[in-house]
Amino acid sequence: MINELINSINEMLVEKFPNTKIYTSKLEKEIVRPSFFIRYVTSRQADLNRNSYMNTITMKIIYFGPLDELMNVDLIAQNEVWDAMREIFSDGYIKVLGRTAKIRKLRGRAKMSEIHLKLKIDLAQDRNFNAPQSPKAGTFNFKI
C-alpha cells in the first residue's frame with residue numbers, strides 16, 4: 001500500500017508541476033533542481049474491528065528549489081511553490097487504488113533551500129484472513 005500511496009502523491013504533483021522532476025525511491029548524489037522527493041516515514045496500525053484496521057501513514061515531500069549563482073533560493077518563488085503544494089492536498093483526500101485516504105494532518109516548513117511537507121494519512125484497510133472455508137450445502141430440499 002505504501003508504494004501505491006507514493007504513486008498517487010506523485011501523480012498529484014505531476015498534474016500541478018508537469019515539468020518538475022520527482023524522485024520516489026532514492027535521491028541521486030547530484031539532484032536536479034527544481035525537484036521533489038517523496039518518502040515514506042512511518043506507519044502504525046489500529047484495529048477498527050475484526051475485519052478491518054486503520055493504517056496511519058506519515059509521508060514526507062521535500063521540494064528542492066532552484067538556486068542562483070550564489071547558491072541561494074528565491075524565497076518568493078519558494079513560497080509560491082509552498083502555497084501550490086498546500087493547495088494540492090487541501091481537499092483532505094488522496095485517491096489510492098480506487099479508494100480514498102484521509103489526510104489527517106498537513107504540516108510544512110522551509111528549511112534552508114528546501115520545503116518540507118509532512119502528511120499524516122489515514123487509510124482503512126480490510127484484513128485478509130486465511131480461515132478455512134465453512135462447509136456448504138450441496139442441495140436444498142423444500143417442502144411447501
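Atom set for the values below is all heavy atoms of this structure, side chains included, hydrogens, waters and symmetry mates excluded.
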Answer yes or no: is there a side-chain heavy-atom contact under 4.5 Å between [X] and [Y]?
| X | Y | answer |
| --- | --- | --- |
| R33 | S113 | yes |
| I88 | E15 | no |
| K60 | I62 | yes |
| F89 | I9 | yes |
| Y63 | P34 | yes |
| I94 | I103 | yes |
| I38 | L13 | yes |
| H116 | E114 | yes |

Item to complete: Go through the steps for L119 and K105 under the test side-chain contact (heavy atoms from CB on, under 4.5 Å), then give the verdict.
Response: CA-CA 6 Å; L119 302 169; K105 192 180 217 179; over 6 Å; no
ILVMFWY cluster, [X] and [Y] together (side-chain gap under 4.5 Å):
| X | Y | value |
| --- | --- | --- |
| L123 | L97 | yes |
| Y40 | M54 | no |
| L75 | W82 | no |
| V32 | F37 | yes |
| Y53 | V96 | no |

Main-chain N/O of [Y] paired with [X] side-chain donor or acceptor, under 3.5 Å:
| X | Y | result |
| --- | --- | --- |
| N7 | N3 | yes |
| E4 | M1 | yes |
| S8 | K95 | yes |

Worksheet item: What about F17 and F36, are their ring centers closer than 6.0 Å?
Response: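 Yes: the rings meet the under 6.0 Å criterion.
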Item to complete: Using only heavy-atom distances, determine whether the side chains of Q45 and N55 contain a donor-acceptor pair under 3.5 Å.
Response: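 There is no such pair (donor and acceptor under 3.5 Å, judged by atom type) between the side chains of Q45 and N55.
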Discussion item. Using the side-chain hydrogen bond (donor to acceptor under 3.5 Å, both in side chains) definition, which of the options D47, N51, N49 pairs with R127?
Written reply: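 Single pass found, and it is D47.
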Fill in: Which residues share a side-chain hydrogen bond (donor to acceptor under 3.5 Å, both in side chains) with Y93, sequence neighbours left out
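Once residues adjacent in sequence are excluded, Y93 has no partner under the side-chain hydrogen bond (donor to acceptor under 3.5 Å, both in side chains) criterion.
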Worksheet item: Passes side-chain contact (heavy atoms from CB on, under 4.5 Å), I121 versus L5? Steps please.
Response: CA-CA 10 Å; I121 302 161; L5 185 57; 3.8 Å; yes
Worksheet item: So R39 and M59, side-chain contact (heavy atoms from CB on, under 4.5 Å) or not? Walk me through it.
Response: CA-CA 6 Å; R39 92 179 172 96; M59 303 293 289; over 6 Å; no
Fill in: Which residues share a salt bridge (charged side-chain N to carboxylate O under 4.0 Å, His left out) with R99, sequence neighbours left out
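In terms of salt bridge (charged side-chain N to carboxylate O under 4.0 Å, His left out), with neighbours along the sequence ignored, R99 is linked to no residue.
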Item to complete: Would you please test L106 and K118 for side-chain contact (heavy atoms from CB on, under 4.5 Å) and show each step?
Response: CA-CA 6 Å; L106 183 144; K118 192 182 281 188; over 6 Å; no
Discussion item. I need the I31 CD1 to K21 NZ distance, nearest 0.5 Å.
Written reply: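 It comes to 11.0 Å.
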Discussion item. Nearest 0.5 angstrom please: R86 CZ to I115 CD1, how far?
Written reply: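 Going from the CZ atom of R86 to the CD1 atom of I115 covers 10.5 Å.
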Worksheet entry | E87 bridged to K16 by N-O distance under 4.0 Å |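 So E87 pairs with K16 through a salt bridge.
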Fill in: Worked check of salt bridge (Lys or Arg N to Asp or Glu O under 4.0 Å) between D122 and K102
CA-CA 5 Å; D122 286 339; K102 169 77 174 133; over 6 Å; no
Item to complete: Quick one: closest heavy-atom pair of M112 and V73, and the distance?
Response: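 Closest pair (atom of M112, atom of V73, distance): O-CG1, 4.2 Å.
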